[in-house]
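Note that the structure is predicted; figures quoted are calculated from it, not measured.
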Amino acid sequence: MEWKVGDLVTRISHNHDMVFKILGIEEEVCYLKGVNIRLCADSPLSDLKKHIEENDIEEEKNFLDRVKPDVMLDRNDYFYLPGKILHIDGDEEYLKRCLDYYEQSNIWSIGIVEQEENVASNIQSWLNEYNPNIVIITGHDAFYQKKGEKNDLKAYKNSEYFVNSIKEARRYEKSHEKLIIIAGACQSDYEELIKAGANFASSPKRINIHALDPAIIACTMSLSDVNQDIDLKAVLEKTKYGSSGIGGIRTKGTMYIGYPR
């Protein structure tokens with residue numbers, strides 16, 4: 001079969017568990033990126049099958065319908081000031097999807113595309129410039145069993161970069177209430193990200209996460225009352241894979257409510 005960049009495919013050896021887009025082809029190897037899941041991979045051409053979009057379109061539509069922002073900020077005489085979001089992402093396509101999601105929620109957001117290894121050296125200047133209530137540090141990651149155990153930070157593709165970026169953000173603002181940090185990507189070292197200072201992080205079970213999962217958490221925190229603790233379990237269950245994909249600590253929201261309008 002003829003393959004070309006941009007084709008949608010699944011992997012036979014993984015029982016067609018997720019859909020990828022072909023990013024590049026070198027000899028008999030394809031370089032892939034998940035369409036909905038934050039995962040990059042490579043595969044021999046012989047392991048690929050052409051994806052028929054209708055196969056999983058209903059499942060993805062149901063998920064997107066379930067997490068569609070339900071914003072009712074003009075329902076009475078009060079006015080609402082949702083928390084501001086700074087989203088730093090190593091993947092431009094995923095970032096755009098998240099920014100569109102914030103726009104649907106009428107939340108102020110700014111997006112920055114930056115490779116994971118470069119974020120730590122720049123994050124304090126971005127925080128100072130945009131002064132967000134919530135910062136997301138995400139992109140791509142992976143756990144390599146051949147490199148070490150799950151508690152070995154060196155066994156991850158980008159977790160150490162995420163940890164360093166979180167620590168720099170916490171040097172800027174120590175309070176978990178004044179700056180909410182959401183960090184990590186597919187299979188990230190969850191425990192180290194939380195210990196570094198993240199409020200929410202992936203991935204407790206070292207599984208893949210959906211492209212929108214960090215944005216779903218951020219929107220919920222942006223639209224939650226600054227004086228109330230969020231329902232931690234309920235927030236996590238909004239994401240694609242629940243607490244297996246993302247975990248966190250009990251945190252108050254960031255939205256101020258005023259009167260009159």
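- No hydrogens or angles considered: nothing links the side chains of Tyr94 and His140 as a donor-acceptor pair under 3.5 Å.
- Cluster annotation: Val135 is not connected to Val113 through the hydrophobic network of ILVMFWY side chains, with a link wherever side-chain heavy atoms come within less than 4.5 Å.
- Although no hydrogens or angles enter the test, the distance criterion places a donor-acceptor pair under 3.5 Å between the side chain of Asn122 and the main chain of Asn118.
- The nearest pair of heavy atoms linking Gly248 to Leu236 is N-CD1, 4.4 Å.
- Between Asn128 and Gln124 the shortest side-chain heavy-atom distance does not fall below 4.5 Å.
- Leu193 contributes atom CG, which lies 10.5 Å from atom NZ of Lys167 (distance to the nearest 0.5 angstrom).
- When each of Arg206, Glu192, Lys150 is paired with Tyr156, the side-chain hydrogen bond (donor to acceptor under 3.5 Å, both in side chains) condition holds for Arg206 and for no other.
- Screening Ile181, Asp229, Asn199, Val235 against Thr251 for a side chain to side chain contact (heavy atoms under 4.5 Å, CB included) leaves a single residue, Asn199.
- Each of Asp7, Thr10, Ile37, Leu39 was scored for a side chain to side chain contact (heavy atoms under 4.5 Å, CB included) with Phe20, with one residue passing: Leu39.
- Side-chain atoms of Ser224 do not come within 3.5 Å of backbone N or O of Gly253 as any donor-acceptor pair.
- A donor-acceptor pair under 3.5 Å links the side-chain atoms of His210 to the main chain of Leu212, judged by distance alone.
- Judged purely by distance below 3.5 Å, without hydrogens or angles, the side chains of Gln187 and Asn208 pair a donor atom with an acceptor atom.
- Linking ILVMFWY side-chain heavy atoms closer than 4.5 Å, directly or via other members, places Ile110 and Leu99 in two distinct hydrophobic clusters.
- Remark: Lys233 NZ to Ser243 OG distance equals 8.5 Å, nearest 0.5 Å.
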Passes salt bridge (Lys or Arg N to Asp or Glu O under 4.0 Å), Arg171 versus Glu168? Steps please.
CA-CA 5 Å; Arg171 289 190 182 98; Glu168 287 300 315; 2.4 Å; yes
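- A 6.0 Å sphere centred on OH of Tyr256 holds no more than 12 heavy atoms belonging to other residues, nucleotides or ligands.
- Following chains of ILVMFWY side-chain contacts shorter than 4.5 Å, one can reach Ile136 starting from Phe200, so the two form part of one hydrophobic cluster.
- Tyr144 and Leu32 are members of different hydrophobic clusters when ILVMFWY side chains are connected at heavy-atom separations under 4.5 Å.
- Residues Asn36 and Arg97 bring a donor and an acceptor atom of their side chains to less than 3.5 Å of each other.
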Could you check Thr138 against Asp89 for side-chain hydrogen bond (donor to acceptor under 3.5 Å, both in side chains), going step by step and ending with a plain yes or no?
CA-CA 5 Å; Thr138 188; Asp89 206 316; 5.0 Å; no
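- Rounding to the nearest 0.5 Å gives a distance of 7.0 Å between CG of Leu86 and CH2 of Trp108.
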Verify side-chain contact (heavy atoms from CB on, under 4.5 Å) between Ile257 and Phe79, making sure each step is shown before the conclusion.
CA-CA 6 Å; Ile257 302 174; Phe79 66 88; over 6 Å; no
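- Checking side-chain atoms of Glu117 against main-chain N and O of Tyr161 turns up no donor-acceptor pair under 3.5 Å.
- At least one side-chain heavy atom of Ile180 sits under 4.5 Å from a side-chain heavy atom of Thr254.
- Looking only at distances, a side-chain donor or acceptor of Ser175 sits under 3.5 Å from a matching main-chain atom of Glu177.
- Checking Ser159 against Asp141 by side-chain atom types alone, a donor-acceptor pair falls below 3.5 Å.
- By the 6.0 Å contact criterion, CD on Glu103 is open, its count of non-hydrogen atoms from other residues, nucleotides or ligands being 12 or less.
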